Amino acid sequence: MNLDLTEDQSMLADSIERFGTERWPAADRWRLLREAGAKGVPELWGEIAELGWLMIPFAEEQGGLGGSFDDAMVLASGIGKHLLPVPVSTNAVLVAPLLKDCPAEFLEDVMTGKVRVALALGDGDSRFDHLNVATTAERTGAGYTLNGVKNFVADGGDADHFIVPARTSGSGAELEGISLFLLSRESDGLTVETYRSIDNHRHCRLRLSGAETGSARLLGEEGKGGLPLGMAVKGGVLAQCAEAVGAMDALCNLTLEYLKTRSQFGQPIGTFQSLQHRMVDMFIAYEEAYSITVRATLEAKEGVMDRGRMASAAKAKVGQTSLFVARQAIQLHGGIGTSDESVVSHYLRRLTMLDMALGNASHHLQRFAAIA
Amino acid sequence: MNLDLTEDQSMLADSIERFGTERWPAADRWRLLREAGAKGVPELWGEIAELGWLMIPFAEEQGGLGGSFDDAMVLASGIGKHLLPVPVSTNAVLVAPLLKDCPAEFLEDVMTGKVRVALALGDGDSRFDHLNVATTAERTGAGYTLNGVKNFVADGGDADHFIVPARTSGSGAELEGISLFLLSRESDGLTVETYRSIDNHRHCRLRLSGAETGSARLLGEEGKGGLPLGMAVKGGVLAQCAEAVGAMDALCNLTLEYLKTRSQFGQPIGTFQSLQHRMVDMFIAYEEAYSITVRATLEAKEGVMDRGRMASAAKAKVGQTSLFVARQAIQLHGGIGTSDESVVSHYLRRLTMLDMALGNASHHLQRFAAIA
Amino acid sequence: MNLELSPEDLAFRDELREFFAGAVRPEYRTAIRAGLRPTPQQLTEWQATLAERGWGAPTWPKEYGGTGWTPTQLYIFETEAARADAPIQFHQGLELIGPIIFTFGTDDQKERYLPRIISGEDWWCQGYSEPGAGSDLAALSTRAVRDGDHYVINGQKMWTSYAHVASHMFCLVRTSKEERRQQGISLILVDMNTPGIKIRPVETLDEKHHTNEVFLDDVRVPVSNLLGEEGKGWGYGKVLLDRERAVGASTALRLRSQVDAIYSAARRIPFGGATLADTPAVATQLAQLEIEALTIETMVMRLMADAAAGVDSGPRASMLKLRWSETLQKVTELWTEVLGYDAAVFEDLSGEGVPEDMPLALQGALYARVTSIYGGSSEIQRNIIARRSLGL
Amino acid sequence: MNLELSPEDLAFRDELREFFAGAVRPEYRTAIRAGLRPTPQQLTEWQATLAERGWGAPTWPKEYGGTGWTPTQLYIFETEAARADAPIQFHQGLELIGPIIFTFGTDDQKERYLPRIISGEDWWCQGYSEPGAGSDLAALSTRAVRDGDHYVINGQKMWTSYAHVASHMFCLVRTSKEERRQQGISLILVDMNTPGIKIRPVETLDEKHHTNEVFLDDVRVPVSNLLGEEGKGWGYGKVLLDRERAVGASTALRLRSQVDAIYSAARRIPFGGATLADTPAVATQLAQLEIEALTIETMVMRLMADAAAGVDSGPRASMLKLRWSETLQKVTELWTEVLGYDAAVFEDLSGEGVPEDMPLALQGALYARVTSIYGGSSEIQRNIIARRSLGL
């Protein structure tokens, strides 16, 4: 039993720390984003690929670094801490295990950032239940024809390919009968509606009306995609928890700094007991979020088979505590915390979206309850 | 629109204030109760009857004072404020409307405190759903034979008669088919199991195995008891809310007093900002509880037909806020607040039971949601 | 004790109800229900509509063009306005500076300013906060120096809501160097067209432009624009404390229709063979919030009763502000939560449009964070109650 | 990073599991699961059982009769104890005075007291709080005056848990008149049979007798019972700060079985054709509390990791105390709520008996209020974290 970072993990954390501080300083974030405009900052993806970070979640036999859940945690947590607008949790950690049988050159393109892949979620009316798939895939000639709607392709706004879960048999939330397809953005019959969320991430909605895919584009076995999909989502959930924990870490520390430097009524506001106690509660919330995330991550690493129950515990608790921390960080900053210029407000926006993505706290709490 | 007490109500409030202060002083409560022992303080019932308080909830044509819901509110709130161990909310307010067709001499005995009547709730597995009646009443000869279990006869420990809802037809929570019977404690086939709750109220459980009642003891029409039962419970709920509000009033003020007088670290503890803010939140909770109780009470008085939705709103909110206030009052008092000698701990015990009785906050919240 | 309305009040209510039914435009509704303000244009238009009907200043005495309504009438007005999802009148002219002008202003100031506040022709903004003076307003450092018939103002104001659309600003300035803190502060009325005023927009976390920094650089204002006496500016703020109830009441009474809006949203969302509104988690949260809203409504009634009785309503107004802002935050958060993945669609980038509730619902949730900070943060409100009401 | 246990640790775990399976009596379980302490008799008996196995002092070094376990071993021990619903060892001897004795005591004191703490023959109580010195312990006024070979102690102690069953008390007293506050305080070991000690039971809100007032009236204690140096008593308390984790850990790890107990209770209660555990409201609350318990368990692991790394664990122990007491309160409240009308049956008056969970469940809920007050109230814990960990 050991809760310390390994030497490699410490080096990775340091490297993210440097990159974040230099390339994406908190004080400049609002200006950088404003200059970038609607297109966002896609070049960052190539830059972090160059640092090798995208290789972490891919297995060694795929040419990746074979990073474990806790390596992904270190990576995602650093990204969250610096609010780097790079969708590592989704375009790398979430999709990596689903791409394992893809050709080597394709995987290389993914890991070097040339090609982006996103997972299509939010099927029809399924809300956050990702195994509740209504999109259909019918065998037609050499390939399949897909019909359905995917409302939320997490960070799919700039993706070149989509992993699309569709039913080749079964219905509702049955595990059997879900197949996974890799679909090019350019596919016939596919309409991609791109949109932006409040945290400046770019997602999309897919409308599949007879979208065509060759049989080579089936990922894994037909009808057997449910289990790997569930496993992939679990990995994504853990990475998002880590991202939120990183953001909480930064928020706690910058708010503490503010309490020590901002004066009102002739004294640093950190001398007021009610604010001190609030600050303590924020740090406790961080401690809690970190703890449950580590626990869920390490149990996943050890292969504990719990149908993602512990990951749901983490997602629920992290959603609750991270929003508490972000809201209180703004409250303690006062007016300035609500401005676009202050990075504090960016953390709230990101954490609001991180709570929602892959299912919010309320959903995961009920999921946890259901898997008794 | 007028939220002030009437002159009569102010006089009543003053009279309770005097009685409470003189006859049942807060500082002596623990000693008085200890001296009384397991039998409680039944003589108080006669004393308050002499003051005419028991006549308030009975209609004028019954020989009562025809008090309205808000008169009962003033009465119950004063009792709650002084933690008088007299079950006015249950043995008077709750049962009064159900006894309206009883003989004049019986009613006089009730109002003068000679005879006590309690309503039998907690039918079988029905939990807090008082219209979910499984106890049966079968016509046998001139009367009825009752079979079933009533787990909670609120303040029935010293009752001479019980009002027992039982089914003459229908099932489950159907309104139709519920009949109300008045049963003497001495009835054949009736077992009375008396118990005490943590607030020193004395309740009982009824086991009815072929309990016999003459047809004269049917209250109201056969099968038509559901509606009056629901209305009576609503009146009881409002009285209990008022009782809790009175207790919150006392708790807020005595805690404020404590903050001003208790010193630690060389200063009154009320100078510590975190305690000041907690105290403010307690007063806000009181303001909220008072507000929703007044609202529900006055709407009931105006005969707003809402199936008790507003009363459920009040019970839910009062349950939440009163327990918050009681728990914080103890926390702010520190160790002393947890002792039996301190009246603070008695308020928590009473409020815990007031929340439970006639359905706790969680139950009434869900009931409120269900009556959309 | 009763909640019954007199026949006169009932007639008044019906009159209001009819008026609102005709006057409230459907486009106001979405913003109101999301807890947002309508646009300045809409607010100005609404103010003019009310003024035309003679109801432009519901809380003012008749002699200054107000309605002279009793607290009960005012409560009925606000209740009916809420029921109809009417816009909430912008308060900085009507409730903040207007009453100070008619209480402490010169006849000339009253004539010049009051009618144009009621008609909506003038838009007033509040020049109070500064970078170093937020919760601690008395630390302000903007200075006005007398130069002949003028004051010359230099300094910087922050969080000046709607300075970019305002015609006038009422501005707290320091007119005396010697004294510290609350002493030596004066209240000056400034025409926003005066040279030397520079406005820098400050965007907020909901990606909107409500507020600004205002730089005052040798701004020359006639001495006649001083309100009341020099050096007494701080004291005038106190007149507001007893009027806070009006602002609190009008916003607090909107909570129920905001809860209702989420209910409608949840009803629109299919889920598990029924709708999201039928799931226990959502139904229970909605019930809790409706109960909060009902409670707060009744607190408003009690506040109005205070007003009628001439009792100090300051602490109760602070309680209302606290509970309203906390509840509004919960309400708007729940709306966002109910939307599920739709809450991600803040801006459409490919011309397909956004879902019905977006981005208003999310803007409402983000904007709601401001409500526990502005107008005296929740911490300040608790301090006020502790001091004024509890004697701590 | 990993949670894996080494083969040695796994073997240790199995050994513990087997031991607990045989040693834990079923009658302990109900109290433990309700968040209550077993009776003093049971605690003494349990201490003897552990001592016999060589595990009487899990946190102590071997030289004083402890196990010398590593933090990981200790964590495994506490986890297995929790899993088996074993009693929590009473801490005032083992974790409070024991370590002070073996750190600062004389050889004679070590020999005399330590073995009897481990065996359970002696029961220690803590004479710290006084009527005027609760959260502000340094305000204590009980005095010890030197008279030849004795100290003569006069004063009054409050909240002295289990003074009525204790054989000894460790007592903070003032030995110097001149100095104020933390200065001049000494720690003296007192035999409870010494003449002049009067114990007054203080019943608590759960109608139980856990705690007492202790009056010391010319109590003569040999000078050799002074622990460490005269006037340095305050400082010895600090050694406790780094040991708090042990107390926190053992109690915090019980939360999961306490949640489980409510689950079992809810499963026993028929409701709407199923059981109460199947209703969304109860299921969701149970899930939330189980998540809190899992989180707190992991915080214990981090605390143990601190211990292994020799890091100051004080602030983290304070966090644990806070979260544990808050969660225990919620857990026990939920149990009461689940019982419905059965929660009213606190005492049977007619010989029919009480329901299975009563009165333990309600006593648990009431007793839980004490946990956020004793051992440093929640407010004091927050002050400690703010000061020691955040530098505020």
Side-chain angles (χ1 to χ4, degrees), chain B residues 1-6 9 68-71 73-74 252-253 256 259-260 268 270-273 275-285 287-299 301-302 304 309-310 312-314 316-317 320-321 361-362 364-372, chain C residues 1-6 9 70-73 75-76 79 263 267 277-278 280-306 308-309 315-316 318-320 322-323 326-327 378-379 381-392:
Chain B
M1 209 169 77
N2 177 356
L3 298 178
D4 298 333
L5 297 192
T6 63
Q9 289 170 344
S68 184
F69 286 105
D70 47 331
D71 298 321
M73 183 185 90
V74 173
C252 283
N253 286 302
L256 178 60
L259 289 189
K260 288 179 180 174
T271 56
F272 294 106
Q273 196 189 33
L275 305 195
Q276 289 181 348
H277 285 195
R278 196 91 52 81
M279 193 71 243
V280 167
D281 287 338
M282 288 168 65
F283 272 96
I284 293 177
E287 169 75 15
E288 293 184 285
Y290 183 90
S291 296
I292 193 73
T293 298
V294 161
R295 170 80 165 263
T297 301
L298 295 182
E299 289 199 3
K301 177 185 184 178
E302 287 178 21
V304 173
R309 191 168 191 260
M310 193 61 87
S312 280
K317 185 74 185 169
Q320 294 163 351
T321 49
S362 170
H364 280 282
L365 179 62
Q366 283 157 60
R367 188 172 182 276
F368 179 87
I371 313 171
Chain C
M1 297 182 102
N2 63 71
L3 298 176
E4 283 164 44
L5 296 180
S6 67
D9 288 337
T70 63
T72 298
Q73 286 175 307
Y75 176 76
I76 297 170
T79 305
Y263 185 78
R267 269 261 156 278
D278 303 307
V282 171
T284 308
Q285 285 180 86
L286 279 168
Q288 182 72 49
L289 291 172
E290 189 182 341
I291 291 173
E292 306 300 353
L294 289 166
T295 303
I296 289 171
E297 268 181 25
T298 318
M299 287 167 72
V300 172
M301 290 161 62
R302 274 163 65 74
L303 194 69
M304 293 299 189
D306 275 357
R316 190 158 277 150
S318 288
M319 288 187 182
L320 193 62
L322 274 169
R323 289 298 299 135
E326 287 167 359
T327 306
S378 295
E379 292 76 17
Q381 302 294 345
R382 287 192 169 86
N383 285 346
I384 291 173
I385 299 169
R387 203 173 50 242
R388 281 183 61 181
S389 166
L390 308 186
L392 287 173

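These numbers were taken from a predicted model, which means no experiment stands behind them. Proteins come first, then strands; the chains are lettered A, B, ... in the order of their sequence lines, and each starts at number 1.
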Q. Where on B:Arg278 is there a heavy atom nearer than 4.5 Å to chain C: the side chain, the backbone, both, or neither?
A. neither
Q | Largest heavy-atom contact set with chain C, pairs under 4.5 Å, which of B:Leu5, B:Asp281, B:Thr271, B:Asn253 | A | B:Asp281
Q. Measuring heavy-atom distances to chain C, does B:Ala316 have an atom under 4.5 Å in its side chain, in its backbone, in both, or in neither?
A. side chain
Q: Check whether C:Arg302 gets within reach of chain B through its side chain, its backbone, both or neither, counting any heavy atom under 4.5 Å.
A: both
Q. Does a donor on one side chain sit under 3.5 Å from an acceptor on the other, for B:Gln320 and C:Gln288?
A. yes
Q. What part of C:Leu390 is in contact with chain B, defined as an atom under 4.5 angstrom from a non-hydrogen atom: side chain, backbone, both or neither?
A. both
Q: Using salt bridge (charged side-chain N to carboxylate O under 4.0 Å, His left out) as the criterion, list what pairs up with C:Glu297, not counting sequence neighbours.
A: B:Arg295, C:Arg256
Q) Between the side chains of C:Asp9 and C:Ser6, is a donor N or O closer than 3.5 angstrom to an acceptor N or O? A) yes
Q) Do B:Asp4 and B:Gln9 have a side chain donor and acceptor closer than 3.5 Å? A) no
Q) Among B:Lys301, B:Glu287, B:Lys260, B:Gln366, which has the most heavy-atom pairs under 4.5 Å with chain C? A) B:Glu287
Q: Taking the side chain as every heavy atom from C-beta outward, state whether B:Met1 and C:Met301 have any pair of such atoms under 4.5 Å apart.
A: yes
Q. Measuring heavy-atom distances to chain B, does C:Leu322 have an atom under 4.5 Å in its side chain, in its backbone, in both, or in neither?
A. side chain
Q. In terms of side-chain geometry, is the basic nitrogen of C:Arg382 or C:Glu379 positioned less than 4.0 Å from the acidic oxygen of its partner?
A. no
Q: Using a cut-off of under 4.5 Å on heavy-atom pairs, state which of B:Glu299, B:Met73, B:Arg309 scores highest against chain C.
A: B:Arg309
Q: Can you tell which part of B:Asp70 gets under 4.5 Å to a heavy atom of chain C, answering side chain, backbone, both or neither?
A: side chain
Q.
Taking every non-hydrogen pair under 4.5 Å, which of B:Ile284, B:Thr297, B:Thr293, B:Asp71 racks up the most with chain C?
A. B:Ile284
Q.
Any heavy-atom pair between the side chains of C:Gln381 and B:Val280 that's under 4.5 Å?
A. no
Q | Interchain contact, B:Phe283 with chain C, by part (heavy-atom threshold 4.5 Å) | A | both
Q: Please name all residues satisfying salt bridge (charged side-chain N to carboxylate O under 4.0 Å, His left out) with C:Arg387, sequence neighbours left out, ordered by chain then number.
A: none
Q) Under a 4.5 Å heavy-atom cutoff, which of B:Gln276, B:Glu302, B:Lys317 has the most pairs with chain C? A) B:Glu302
